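First the structure, in the form of structure tokens, and then the observations on it.
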Amino acid sequence: MQRRGALLVVDAQVDFCPGGALPVPRGDQVIHALNRYLDLFKRRSAPIFASRDWHPKQSKHFKENGGEWPAHCVQGTLGAEFHPALVLPSDTIVISKGMASWDDGYSAMQGVTENGTPFTMLLRHMELDRLYVGGLATDFCVRQTVLEALKAGFDVTLLTDAVGGVDLRPGDSERAVAEMIHSGADVTTLASIGTAVAWDGAPQRQQGSG
Ligand code: VGL
Ligand code: ZN
């Protein structure tokens, strides 16, 4: 029986890209890599989720309040928007996280939809059991999301050519990838994903040239 998969784009936001408040090196290149997956999943009519870091102005996650990070992705600000080069289909389901002042919100699995439905509840309701995960940052939100998804019983494929890390310490991203694999994540790249992406048992339509 085929498993039902969905794409989850993690935190592809302005503040995590060069010029933003908490930039991931080459974050803008990750946006372009994500676009190729978005196109693929869209053509195959697979569900697409995009998580966003969505902090209140006063978050204990921020340095000014004793946390680890410069202020970033504050609700309603330009830095919190999805990167302008990211091509999200209009039916993308947005998952917000880190919305409580006490909440770091690293994991999209703790996020909620725009009408407040917990993401994990929605995944189960949609009978999705595999997440293809890319985005920012490999060593924080991608890592935490993947580990929690695996723990919750979902299959996970990490899109290794569409992630980028903060690397506060050199090698953090590499170690995060190794940890995710060790915890049960599969990995793929755009070149090798091919027909492995299947959902619903429906035949995969070939796109014509028109
Ligand atoms: C993230 C640090 C702080 C992330 C979010 O999206 O990986 N990293 N907040
Ligand atoms: Zn954050």
Side-chain angles (χ1 to χ4, degrees), residues 7-34 37-38 48-86 88 92-113 119 131-151 156 158-180 183 185:
L7 177 63
L8 170 59
V9 171
V10 174
D11 300 5
Q13 291 165 276
V14 169
D15 269 344
F16 295 126
C17 290
L22 180 44
V24 170
R26 292 183 300 283
D28 42 354
Q29 289 173 35
V30 173
I31 302 297
H32 295 289
L34 289 167
Y37 284 103
L38 284 161
I48 294 172
F49 300 97
S51 72
R52 62 180 182 184
D53 221 26
W54 199 241
H55 298 302
K57 207 162 172 253
Q58 293 301 329
S59 170
K60 71 116 205 176
H61 180 65
F62 298 159
K63 268 187 186 136
E64 61 208 49
N65 302 311
E68 191 173 356
W69 306 103
H72 61 275
C73 298
V74 173
Q75 296 168 12
T77 63
L78 179 67
E81 307 224 320
F82 291 116
H83 192 283
L86 188 72
L88 291 176
T92 299
I93 299 170
V94 174
I95 303 296
S96 302
K97 61 189 183 59
M99 291 188 289
S101 61
W102 45 265
D103 186 7
D104 285 318
Y106 292 130
S107 171
M109 302 310 286
Q110 307 285 338
V112 297
T113 66
F119 184 34
L131 288 173
Y132 293 82
V133 181
L136 307 169
T138 316
D139 38 357
F140 287 94
C141 289
V142 170
R143 171 184 175 275
Q144 196 68 23
T145 298
V146 166
L147 295 179
E148 284 195 13
L150 290 165
K151 227 174 238 167
V156 178
L158 180 71
L159 309 173
T160 53
D161 53 352
V163 292
V166 182
D167 284 323
L168 286 181
R169 287 164 306 169
D172 276 355
S173 293
E174 257 175 65
R175 282 188 290 274
V177 171
E179 185 184 7
M180 290 183 261
S183 302

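In this chain, residues are counted from 1 in sequence order. From a predicted model like this one, the values you see are computed outputs, not experimental measurements. Just so you know, ligand 1 is whichever comes first in the structure, and atom 1 is the first atom listed for that ligand.
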Do any N/O atoms on His61 end up under 3.5 angstrom from N/O atoms on ligand 1? yes
For Asp139 and Arg169, run salt bridge (charged side-chain N to carboxylate O under 4.0 Å, His left out): C-alpha distance rounded to whole Å, both residues' side-chain angles, the deciding distance at 0.1 Å, then the answer. CA-CA 10 Å; Asp139 38 357; Arg169 287 164 306 169; over 6 Å; no
N/O separation below 3.5 Å, His55 to ligand 1: no
Identify the residue among Thr77, Asp53, Asp15 that makes a side-chain hydrogen bond (donor to acceptor under 3.5 Å, both in side chains) with His72. Asp53
Between Phe49 and Phe119, ring centroids under 6.0 Å: yes
One finds that the ligand 1 atoms under 4.0 Å from a non-hydrogen atom of Phe140 are 7 (O), 8 (N)
How far is atom 5 (C) of ligand 1 from its nearest protein heavy atom, and which residue and atom is that? Asp53 OD2, 3.1 Å
Can you check whether Trp69 has an N/O within less than 3.5 Å of an N/O in ligand 1? no
For Arg52, the option from Lys97, Gln13, Gln75 that meets side chain to side chain contact (heavy atoms under 4.5 Å, CB included): Gln13
Taking both backbone and side-chain atoms into account, decide whether Cys73 has an N/O/S atom under 2.8 Å from the Zn ion (ligand 2). no
Please name the atom of Asp53, restricted to N, O or S, that is closest to the Zn ion (ligand 2). OD2
Hey, is the main chain of Gly98 close enough, under 3.5 Å, to the side chain of His55 for a donor-acceptor pair? yes
Worked verdict on Val163 versus Leu158 for side-chain contact (heavy atoms from CB on, under 4.5 Å): CA-CA 8 Å; Val163 292; Leu158 180 71; 4.0 Å; yes
Just to confirm my output: which protein heavy-atom neighbour is closest to atom 1 (C) of ligand 1, and how far is it? Cys141 SG, 3.3 Å
With respect to His72, determine whether any N or O atom, backbone or side chain, lies less than 3.5 Å from an N or O atom of ligand 1. yes
What part of Asp104 sits under 4.0 Å from ligand 1 if we count only heavy atoms: the side chain, the backbone, both or neither? neither
Show the atoms of ligand 1 that are less than 4.0 angstrom away from any heavy atom in Ala137. 4 (C), 6 (O), 7 (O)
Ser101 (side chain) donor-acceptor with Gln58 (main chain) under 3.5 angstrom: no
Identify the closest protein heavy atom to atom 6 (O) of ligand 1: which residue and atom is it, and at what distance? Asp11 OD2, 2.7 Å
Only one of Glu148, Gln144, Lys151, Arg143 passes side-chain hydrogen bond (donor to acceptor under 3.5 Å, both in side chains) with Ser107, and that residue is Glu148
In His61, which N, O or S atom comes closest to the Zn ion (ligand 2)? NE2
